[in-house]
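All figures in this text were calculated on a predicted structure; none of them were measured in a lab. Atom set for the values below is all heavy atoms of this structure, side chains included, hydrogens, waters and symmetry mates excluded. Residue indices begin at 1 and follow the sequence shown.
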Amino acid sequence: GFFGFFETIQDYSVAEALLNTARDWVKARGMERLRGPANFSTNEECGLLVDGFDSPPVVLMTYNPRYYVDFIERYGMVKAMDIITYHMDKNLLGPGGEFPPRLLKLVERVKERGNVTVRKIDRKHFDQEVEKIKSLYNAAWSRNWGFVPMTDAEIDHLAEGLKQIADFDIVFMAEANGEPIGFSLTLPDMHEVLYHIRDGRLFPTGWLKFLWYRRRITRVRIFALGVVEKHRGTGGDILLYYETAKAALGKGYYQAEMGWVLENNDLMNRVVINMGGQKYKTYRFYEMPV
């Protein structure tokens with residue numbers, strides 16, 4: 001069973017009471033372990049920040065004080081899995097913003113084969129594109145540690161919410177011989193906007209700040225990127241990362257958070273590092289027997 005939405009003042013007795021209640025609740029329902037934090041599952045915000053406190057929060061990622069780590073470990077929970085996020089900006093590329101030569105060779109090799117292509121999501125046919133993503137999402141992520149399948153209704157709900165903040169110039173679909181095989185969803189980091197609306201109010205002047213700073217966002221987060229299993233190794237993931245980075249830089253987004261990526265996902269970690277990503281934050285799933 002999962003616990004999540006974990007928030008507490010700096011008082012261990014409060015944290016202990018919350019975790020006791022979560023433990024007892026899942027135990028009463030026949031669960032064997034308590035795992036988290038996850039809000040509500042690995043499909044939403046999840047993991048406790050354990051490294052990288054010197055960087056600001058990013059859209060749809062958790063953030064917490066350092067003492068949360070002490071409280072959860074004091075309670076007796078131990079590491080179940082780490083998830084990693086990477087930082088990339090144009091300063092990590094060549095002097096003129098060039099991509100690493102090794103990456104460009106890989107991209108050229110994939111394009112020469114010609115069976116895998118990448119295109120932008122068609123906003124005019126958004127509903128049809130979401131239907132394609134439904135068939136891809138559970139297939140592409142099904143073997144990931146901790147995966148919980150998403151229902152069609154959950155994907156519809158998520159898509160409707162993300163539609164309000166998405167930049168469709170940096171959302172891509174990968175296809176093999178015309179068949180969808182993967183997709184990438186990259187989001188402008190709305191935290192850069194919300195930082196300037198500190199009282200949380202859009203009226204009377206907050207909406208002006210919102211519109212002003214939204215046009216000046218410099219950071220994006222690669223929220224989801226995956227290819228179905230039978231097409232892995234064909235270069236679809238490389239093309240998705242490359243086209244996303246190229247489009248984002250072209251629109252003035254010069255920083256990116258890439259991830260999260262499971263620590264044991266060797267293939268995807270290698271791809272991100274080959275792209276020029278540098279590890280900068282670690283989040284942790286904890287668990288304990290109940």
Side-chain angles (χ1 to χ4, degrees), residues 58 84-123 129 132-133 135-137 139-141 143-144 166-189 217-280:
V58 177
I84 301 166
T85 59
Y86 294 84
H87 171 74
M88 181 177 178
D89 65 48
K90 65 179 181 181
N91 297 321
L92 298 176
L93 303 175
E98 304 94 347
F99 291 102
R102 182 181 176 187
L103 170 67
L104 294 176
K105 287 181 181 179
L106 287 172
V107 169
E108 190 61 32
R109 196 176 306 156
V110 174
K111 289 184 175 181
E112 284 176 356
R113 288 201 294 262
N115 59 319
V116 177
T117 57
V118 167
R119 63 170 176 82
K120 291 180 183 178
I121 292 286
D122 185 353
R123 187 173 186 175
E129 297 284 53
K132 294 174 184 177
I133 289 172
S135 65
L136 292 171
Y137 182 81
W141 274 266
R143 292 186 180 273
N144 279 4
D167 180 341
F168 284 84
D169 287 331
I170 52 174
V171 183
F172 292 91
M173 183 82 71
E175 297 175 332
N177 302 315
E179 173 195 354
I181 62 167
F183 73 97
S184 65
L185 171 58
T186 302
L187 299 171
D189 185 12
I217 294 175
T218 62
R219 183 171 57 237
V220 295
R221 179 190 165 212
I222 300 179
F223 175 76
L225 187 151
V227 174
V228 296
E229 188 171 8
K230 71 176 183 177
H231 288 283
R232 287 174 193 162
T234 61
D237 50 357
I238 294 170
L239 286 185
L240 285 169
Y241 267 122
Y242 172 73
E243 294 297 340
T244 297
K246 187 171 70 170
L249 287 168
K251 296 201 68 175
Y253 302 118
Y254 66 87
Q255 302 178 79
E257 176 169 294
M258 306 165 79
W260 51 265
V261 184
L262 289 166
E263 64 176 338
N264 65 355
N265 189 339
D266 295 333
L267 174 61
M268 193 57 72
N269 281 301
R270 281 199 304 271
V271 170
V272 175
I273 291 169
N274 286 336
M275 277 288 298
Q278 293 187 344
K279 178 180 175 181
Y280 87 124

**OP:** Might you point out which heavy atoms bring K279 and Y86 nearest each other, and give the distance in Å?
**Re:** N-CD2, 3.4 Å
Original post:
Between V110 and G235, which heavy-atom pair has the shortest distance, and what is it?
Top reply: CG2-CA, 3.7 Å
Subject >> Shortest non-hydrogen separation from D167 to K251 and the atoms involved >> reply: OD2-NZ, 3.0 Å
**OP:** Using the side chain to side chain contact (heavy atoms under 4.5 Å, CB included) rule, take L225 and M268 through it: C-alpha gap first, then chi angles, then the decisive distance, then the call.
**Re:** CA-CA 10 Å; L225 187 151; M268 193 57 72; 4.1 Å; yes
Original post:
Going from CD1 on I217 to CG on L187, what distance comes out if it is rounded to the nearest 0.5 angstrom?
Top reply: 10.0 Å
Original post:
Can any side-chain N or O of R232 pair as donor or acceptor with the backbone N or O of A140 at less than 3.5 Å?
Top reply: yes
Original post:
Above 12 or not: heavy atoms from other molecules or residues under 6.0 Å from NZ of K132?
Top reply: yes
**OP:** Enter the distance from F223:CZ to I170:CD1 here, rounded to the nearest 0.5 Å.
**Re:** 13.0 Å
Original post:
Has the side chain of E129 got a donor or acceptor atom that lies under 3.5 Å from a matching backbone atom of D122?
Top reply: yes
Original post:
Which distance, rounded to the nearest 0.5 Å, do you find between the CG of N144 and the CG of L262?
Top reply: 5.0 Å
Original post:
So with a 6.0 Å cut-off around CZ of R119, is the heavy-atom count from everything else above 12?
Top reply: yes
Subject >> Nearest-0.5 Å distance that lies between atom CG in N265 and atom CZ in R143 >> reply: 13.0 Å
Original post:
How far apart are the closest heavy atoms of V58 and Y280, and which atoms are they?
Top reply: CG2-OH, 3.8 Å
**OP:** Flag the pair R221 / D189 as yes when at least one side-chain heavy-atom distance between them is below 4.5 Å, and no otherwise.
**Re:** no
**OP:** Kindly compute the distance separating NE2 (H87) from CE (M258), expressed to the nearest 0.5 Å.
**Re:** 10.5 Å
Original post:
Can you list the residues that meet the side-chain contact (heavy atoms from CB on, under 4.5 Å) rule with K111, with sequence neighbours excluded?
Top reply: V107, L239, Y242, E243
**OP:** Starting at CZ of F168, measure out to CD1 of I121 and round the result to the nearest 0.5 Å.
**Re:** 8.0 Å
Original post:
Between D237 and V227, what is the shortest heavy-atom contact and its length?
Top reply: N-CG2, 3.7 Å
**OP:** Work out which heavy atom in M173 is nearest to a heavy atom in I133; give both atom names and the distance.
**Re:** CE-CG1, 4.2 Å
**OP:** Count the heavy atoms belonging to other residues, nucleotides or ligands that lie under 6.0 Å from CZ of R113, then report whether that count exceeds 12.
**Re:** yes
